[in-house]
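In what follows, chains are A, B, ... by sequence order, proteins preceding strands, each numbered from 1.
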There are 2 protein chains.
Amino acid sequence: MKFSKATNYALHTMLMLVDASPIKPVGVQQLAESQGVSPTYLSKILTRLVKAGMIESVTGANGGYRLSRKKDDITFLDIIHAIEGTSSLFECDFLHGEECLIQTVMKEAEEKMEWHLKTTKLADLAQNKTTV
Amino acid sequence: MKFSKATNYALHTMLMLVDASPIKPVGVQQLAESQGVSPTYLSKILTRLVKAGMIESVTGANGGYRLSRKKDDITFLDIIHAIEGTSSLFECDFLHGEECLIQTVMKEAEEKMEWHLKTTKLADLAQNKTTV
DNA sequence: CATTTACAGACTTAATATATCTATAATATC
DNA sequence: GATATTATAGATATATTAAGTCTGTAAATG
Ligand code: SF4
Ligand code: SF4
C-alpha cells in the first residue's frame with residue numbers, strides 16, 4: 001500500500017508545468033531528465049494526464065506538454081486519480097448489506113484523505129522555487 | 001495503491017475475536033473457514049498481530065487466538081499498521097529540504113486518514129451481528 | 001505417548017509496477 | 001514537399017510485491 005512512482009512523476013511534472021509558460025510547451029525530454037526517468041516512460045504517464053484533460057500535448061518540433069486548465073482548477077486528487085485510478089482503497093469480495101461497518105469506517109477514512117487532496121490546488125504550490 | 005487482502009483478513013478476524021470469548025481461544029481453522037482463506041496463510045497473518053501485542057495465541061489442543069488487550073484500546077490503525085507496516089504512503093528518493101511542499105501535502109493527507117482510523121476503536125463495531 | 005494446535009521458513013505462483021523497444025502519426029522548419 | 005522533431009500506441013520484458021502452499025517443529029492437552 002504505497003503511492004506508485006508514476007504518481008510521484010506525475011506530481012513533479014505537473015508542478016514544473018505550472019511554473020512553465022502556458023503557451024510554449026515543455027518537451028518530455030527535459031521533464032524526464034530532471035527527474036531521472038526515461039522519456040518514453042514518462043511520456044506514457046503523461047498521456048494519462050492528457051486523457052484526463054489536465055494537460056495538452058503538442059506534437060512535432062518544439063512540441064511537448066503544457067497545462068490545459070487553469071492552475072486553480074487542478075487539485076492533487078485529480079492528478080492522483082488520473083494515475084492510480086478512482087476505485088476505493090478498500091475492497092471486499094462480498095457485500096453484506098449497507099450496514100457493513102468495516103467498509104463504512106475504511107471508506108470514511110479514505111474520504112478524509114481525499115478531501116484534503118481535493119482542497120489543495122496545484123496553484124498553492126506554484127512559484128515556490130521547488131527544484132526538481 | 002490498495003489495501004492488501006491480508007489487511008482485509010486481519011480486520012475481519014479481529015472483529016470475530018472481539019465478539020468471541022476473551023478466555024476460550026478460537027482456532028484458526030474456524031476463523032479461516034468463515035473467510036474462505038487457507039488456515040496456514042491466515043495463521044501467518046495473525047502471527048503479525050500477535051507480535052504487535054493485539055492478540056495472543058494458545059498452542060496445543062483447544063488452542064487458538066484471543067484478544068490480549070481491552071477491545072477499547074485496539075484501533076483500526078493498529079491493525080492496519082501491523083499488517084501493512086508503518087512507513088509513509090508517499091516516498092521520494094531525494095529530500096529537498098524541509099520546505100518540500102509535495103511531501104507536506106501528501107503527508108498531511110495521510111494523517112487525515114490515519115486520524116480517523118486511530119480514533120475508531122474496534123469496540124465501536126462489536127456486537128453488531130456482522131456476519132463473516 | 002498420541003493428538004491437536006500454532007509457528008517458522010523455504011518455496012511457488014500470481015499479480016502488478018516499472019520500465020524498454022519499435023513503429024507510427026502529427027507538426028514545424030527549411 | 002522533404003526532413004527532422006516530437007508525442008502516441010502497442011508489444012514486450014524485467015523487477016517487485018502480494019498471495020498462497022508445503023513441510024517440518026514446538027508446545028500444550030488429555
Ligand atoms: S462484512 Fe463488510 S467488509 Fe466484510 S466481507 Fe462483508 S461487506 Fe465486505
Ligand atoms: S521536491 Fe519534495 S517530493 Fe520531490 S523529490 Fe524533492 S523532496 Fe521529494
Side-chain angles (χ1 to χ4, degrees), chain A residues 1-10 12-13 17 20 23-33 35-68 80 82-85 87 89-93, chain B residues 1-13 17 23-33 35-68 80 82-85 87 89-93:
Chain A
M1 164 88 161
K2 293 255 184 234
F3 286 103
S4 66
K5 285 191 175 187
T7 292
N8 189 317
Y9 297 144
H12 282 83
T13 302
L17 291 182
I23 311 294
K24 184 168 174 292
V26 183
V28 74
Q29 189 86 27
Q30 179 183 342
L31 294 167
E33 194 169 344
Q35 298 186 56
V37 60
S38 88
T40 47
Y41 185 43
L42 183 61
S43 175
K44 175 162 295 187
I45 293 167
L46 296 189
T47 299
R48 306 189 68 165
L49 299 181
V50 171
K51 294 201 169 133
M54 269 175 282
I55 61 179
E56 55 190 24
S57 62
V58 180
T59 324
N62 298 318
Y65 299 91
R66 67 187 167 212
L67 293 189
S68 62
I80 293 170
I83 304 299
E84 307 265 355
S87 67
L89 297 185
F90 181 84
E91 283 174 343
C92 74
D93 314 341
Chain B
M1 165 90 160
K2 293 257 185 231
F3 286 103
S4 66
K5 286 191 176 187
T7 292
N8 188 317
Y9 296 145
L11 287 173
H12 283 83
T13 302
L17 291 183
I23 311 293
K24 185 166 173 293
V26 183
V28 74
Q29 188 86 28
Q30 178 183 341
L31 295 167
E33 195 168 344
Q35 297 186 55
V37 60
S38 88
T40 48
Y41 185 42
L42 184 59
S43 175
K44 173 165 299 189
I45 294 167
L46 296 189
T47 299
R48 307 190 67 165
L49 299 181
V50 171
K51 293 201 169 133
M54 268 174 284
I55 61 178
E56 56 190 24
S57 62
V58 180
T59 323
N62 299 320
Y65 299 90
R66 67 187 167 211
L67 292 190
S68 61
I80 293 170
I83 304 299
E84 307 265 354
S87 66
L89 296 185
F90 182 83
E91 283 174 344
C92 73
D93 313 340

Student: Check the phosphate of D/dT8 against A/Ser57, side-chain N and O only, distance under 4.0 Å to OP1 or OP2. Yes or no?
Tutor: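 Yes, because at least one side-chain N or O of A/Ser57 sits under 4.0 Å from OP1 or OP2 of D/dT8.
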
Student: Nearest-Å distance, CD1 (A/Ile55) to C1' (D/dA7)?
Tutor: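 Going from CD1 in A/Ile55 over to C1' in D/dA7 covers 11 Å.
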
Student: It should be established whether B/Tyr9 places a side-chain nitrogen or oxygen under 4.0 Å from OP1 or OP2 of nucleotide D/dG20.
Tutor: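 Yes, within the criterion.
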
Student: Assign each of A/Lys5 and A/Ala61 to its nearest nucleotide of DNA chain C by heavy atoms, then name whichever residue's nucleotide is nearer the 5' end.
Tutor: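 That would be A/Lys5.
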
Student: Base, sugar-phosphate or nothing for A/Thr47? Non-hydrogen atoms, less than 4.0 Å.
Tutor: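 Here A/Thr47 touches the backbone only, sparing every base.
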
Student: Under 4.0 Å, heavy atoms only, any strand: does B/Lys51 hit a base, just the sugar-phosphate, or nothing?
Tutor: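 If one applies the 4.0 Å heavy-atom cut-off, B/Lys51 turns out to touch the sugar-phosphate alone, with no base involved.
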
Student: I need the CD-C1' distance between B/Glu84 and D/dA19, as an integer number of Å.
Tutor: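 Taking CD of B/Glu84 and C1' of D/dA19, I get 13 Å after rounding.
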
Student: Expressed in angstrom and rounded to an integer, what is the separation of A/Gln30 atom CD from D/dT6 atom P?
Tutor: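 For the pair A/Gln30 CD and D/dT6 P, the rounded distance is 11 Å.
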
Student: Could you tell me how far apart A/Met1 (CE) and C/dT16 (P) are, to the nearest whole angstrom?
Tutor: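 My rounded result for the distance is 16 Å.
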
Student: Pick the nucleotide of DNA chain D nearest each of B/Ala6 and A/Thr59; which residue has the one closer to the 5' end?
Tutor: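 Going by which nucleotide is closer to the 5' end, it is A/Thr59.
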
Student: Could you list, one pair per line, each protein nitrogen or oxygen that sits under 3.5 Å from a nitrogen or oxygen of nucleotides 9-14 of chain C, together with the distance?
Tutor:
unit_1, atom_1, unit_2, atom_2, d
C/dA10, N6, B/Lys44, NZ, 2.9

Student: Considering every strand and a 4.0 Å limit on heavy-atom distances, what is the contact class for A/Val37: base, sugar-phosphate, or nothing?
Tutor: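 The answer is nothing, as A/Val37 stays clear of every strand by at least 4.0 Å.
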
Student: Taking the side chain from A/Arg66 and the backbone from A/Lys24, do they hold a donor-acceptor pair closer than 3.5 Å?
Tutor: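 Flag not set: sc A/Arg66 to bb A/Lys24 has no pair under 3.5 Å.
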
Student: Given 3.5 Å as the limit, does a donor-acceptor pair link the side chain of A/Thr7 with the main chain of A/Phe3, or not?
Tutor: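 Between the backbone of A/Phe3 and the side chain of A/Thr7 there is no qualifying donor-acceptor contact (under 3.5 Å).
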
Student: Examine C/dC7: is either OP1 or OP2 under 4.0 Å from a nitrogen or oxygen in the side chain of B/Tyr65? Give yes or no.
Tutor: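 For C/dC7, OP1/OP2 do have a side-chain N/O of B/Tyr65 under 4.0 Å.
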
Student: Using whole Å, report how far CG of A/Asn8 lies from C1' of C/dT18.
Tutor: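 Rounding to the nearest Å, CG of A/Asn8 and C1' of C/dT18 are 13 Å apart.
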
Student: Of A/Ser4 and A/Gly60, whose closest DNA chain C nucleotide lies nearer the 5' terminus?
Tutor: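 The residue closer to the strand's 5' end, by nearest nucleotide, is A/Ser4.
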
Student: When the distance from CG of A/Asn62 to P of C/dA26 is rounded to whole Å, what number comes out?
Tutor: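 So the CG-P distance, A/Asn62 to C/dA26, works out to 19 Å.
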
Student: Of all the nucleotides listed (C/dA6, D/dA19, C/dT20), which has the minimum atom distance to the side chain of B/Ser43?
Tutor: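 Closest nucleotide among those given: C/dA6.
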
Student: Do any N or O atoms from the side chain of A/Ser57 and from the backbone of A/Gly64 form a donor-acceptor pair under 3.5 angstrom?
Tutor: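 Answer holds: no.
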
Student: For B/Glu56, does the CD atom have more than 12 heavy-atom neighbours from other residues, nucleotides or ligands under 6.0 Å away?
Tutor: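 Yes, CD of B/Glu56 has more than 12 neighbouring heavy atoms, counting only those of other groups under 6.0 Å.
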
Student: Are any side-chain N or O atoms of A/Ser43 and backbone N or O atoms of A/Pro39, one a donor and one an acceptor, separated by less than 3.5 Å?
Tutor: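 Answer holds: no.
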
Student: Regarding A/Phe3, tell me which of base, sugar-phosphate or nothing describes its non-hydrogen contacts under 4.0 Å with the strands shown.
Tutor: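 Nothing, no nucleic acid heavy atom in range.
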
Student: Between B/Glu33 (CD) and C/dT5 (P), how many Å, whole number?
Tutor: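 For the pair B/Glu33 CD and C/dT5 P, the rounded distance is 13 Å.
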
Student: Answer whether the closest heavy-atom distance between the side chains of A/Met1 and B/Ser4 falls below 4.5 Å.
Tutor: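 No; the side chains remain at least 4.5 Å from each other.
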
Student: Hey, does A/Thr13 have a side-chain heavy atom less than 4.5 Å from the side chain of A/Val28?
Tutor: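 A side-chain contact under 4.5 Å is absent here.
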
Student: Would one find a side-chain N or O of A/Ser38 under 4.0 angstrom from OP1 or OP2 of C/dT20?
Tutor: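 For A/Ser38, the contact criterion (side-chain N or O under 4.0 Å from OP1 or OP2 of C/dT20) is met.
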
Student: For A/Glu91, is the CD atom crowded, meaning more than 12 foreign heavy atoms sit under 6.0 Å from it?
Tutor: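 Above 12, so yes.
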
Student: Could you give the CG-to-P distance, from A/Leu17 to D/dA7, as a whole number of Å?
Tutor: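 Between P of D/dA7 and CG of A/Leu17: 11 Å.
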
